[in-house]
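Notes follow once the structure below has been shown.
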Amino acid sequence: MAPALEVQGGDTLSLNNVNDATIRSKVTVIGSGNWGSVASKLIASNTIKMSNFHDEVRMWVYEETLPSGEKLTDVINQTNENVKYLPGIKLGKNVVADPDLENAVKDANMLVFVTPHQFMEGICKRIAGKIRADAEAISLVKGMEVKMEGPCMISTLISQELGINCSVLMGANIANEIAVEKFSEATVGYRQNKEAAERWVHLFYTPYFIVTAVQDVEGVELCGTLKNVVAIAAGFVDGLEMGNNTKAAIMRLGLREMKAFSKLLFPSVKGSTFFESCGVADLITTCLGGRNRKVAEAYAKNGGKRSFDELEAEMLQGQKLQGVSTAREVYEVLSHRGWLELFPLFSTVHEISSGQLPPSAIVEYSEKQPRSF
């Protein structure tokens with residue numbers, strides 16, 4: 001029996017009708033880091049079993065030369081493994097790595113974006129006008145673009161640059177755990193098109209990766225974006241050995257600021273979204289085990305004397321932090337709109353990350369009294 005898609009408001013969408021589709025969809029994953037490789041594995045495990053999808057999942061790889069002198073793309077295609085970003089995990093024989101971005105996307109009508117957010121605008125400009133007219137997208141990207149006219153969510157950037165509908169997928173998703181098929185959940189956020197949400201749920205859904213959908217793109221996306229800022233704060237607490245009570249307090253305050261910031265930017269954001277996997281669950285797992293927490297812990301242990309760029313290069317083997325850059329972007333929004341005093345945790349995370357304050361300031365901020373929302 002096909003799974004049902006649960007949506008806010010108690011409605012359900014049957015996935016049986018997806019199997020009745022006569023048009024076969026073709027999927028390209030744009031990104032091949034740790035999470036991009038896991039997403040490709042998840043998707044490929046489904047496309048090979050479903051008649052309404054082409055078996056092949058093309059994965060765009062930013063080409064790198066490995067220490068052996070081999071090209072990363074060649075090694076992925078020869079070994080069926082991303083030896084740099086997801087070693088020891090077979091991706092599926094139907095995953096094809098492609099270093100040519102335009103070639104990777106040209107035949108696909110389902111585009112999965114999963115790259116560091118700071119690269120997204122350039123990627124979109126490269127493929128604008130070179131994708132199928134019937135293409136639709138989903139963003140797994142955590143972050144936002146801050147422009148003169150204000151913050152721009154990555155899903156909005158994709159829609160504006162490419163002229164296509166874009167949903168989002170966020171959740172309590174430590175990639176290495178999903179890679180070995182440990183149970184996890186995720187949330188698809190969509191705007192108006194329930195059928196698009198249904199297709200995305202069906203593409204990602206497995207017995208160990210449970211996906212639900214909510215009609216709240218901005219809420220889902222901001223949860224996935226802002227939790228990385230809170231994870232930086234949690235890492236500072238761990239690095240200073242302040243204990244679990246302090247960390248729990250930081251997480252609670254962080255969730256409050258996430259919700260308040262989201263609703264100020266987008267009044268349509270639903271409070272219930274913060275209780276989905278993309279909200280409180282993602283916040284918890286990222287503050288306990290994510291890369292942002294890990295590097296922030298090292299930053300605090302070093303008293304802020306080693307930069308995040310240095311620690312990132314040393315600890316993440318080419319992966320990118322999102323929390324520090326997102327904290328800077330959030331700070332720009334808060335500063336521009338006169339909201340700094342309303343968000344003491346977000347403000348303090350940036351001031352510590354940029355060297356303006358010592359890591360110990362993460363608990364001193366509470367002397368400021370934020371407004372209640």
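We count residues from 1, following the sequence as given. Keep in mind that this is a model prediction, so the values were computed, not measured.
- Every residue two or more places apart in sequence or in another chain that forms a side-chain hydrogen bond (donor to acceptor under 3.5 Å, both in side chains) with Ser354 is listed here: Gln356.
- At a threshold of 4.5 Å between non-hydrogen side-chain atoms, the residues Asn103 and Arg58 count as touching.
- For Glu310, the salt bridge (Lys or Arg N to Asp or Glu O under 4.0 Å) partners two or more places apart in sequence, or in a different chain, are Arg306.
- The list of ring-ring contact (aromatic ring centres under 6.0 Å, His included) pairs with a residue in residues 209-252, not counting sequence neighbours, reads Phe236-Tyr299.
- In this structure, the salt bridge (Lys or Arg N to Asp or Glu O under 4.0 Å) partners of Lys90, at least two apart in sequence or on a different chain, are Glu81.
- Distance alone, capped at 3.5 Å, is enough to place a donor-acceptor pair between the Asn46 side chain and the Tyr205 backbone.
- No side-chain donor-acceptor contact under 3.5 Å links Ser335 to the backbone of Glu332.
- Side-chain polar atoms of Asn228 and Thr326 form no donor-acceptor pair below 3.5 angstrom.
- Legend: residues meeting salt bridge (Lys or Arg N to Asp or Glu O under 4.0 Å) with Lys41, ordered by chain and number and at least two apart, are Glu181.
- Listed by first and then second residue, the salt bridge (charged side-chain N to carboxylate O under 4.0 Å, His left out) pairs involving residues 219-235 are Lys227-Asp282 (not counting sequence neighbours).
- Listed for the Thr286 side chain is no donor-acceptor partner under 3.5 Å among the backbone atoms of Ala231.
- Residue Phe266 places its CZ atom among more than 12 non-hydrogen atoms of other residues, nucleotides or ligands, all under 6.0 Å distant.
- Put simply, the side chain of Lys270 gets close to the backbone of Gln215: a donor and an acceptor are under 3.5 Å apart.
- Classification of the Phe204-Trp200 ring pair by plane angle, with boundaries at 30° and 60°, yields tilted.
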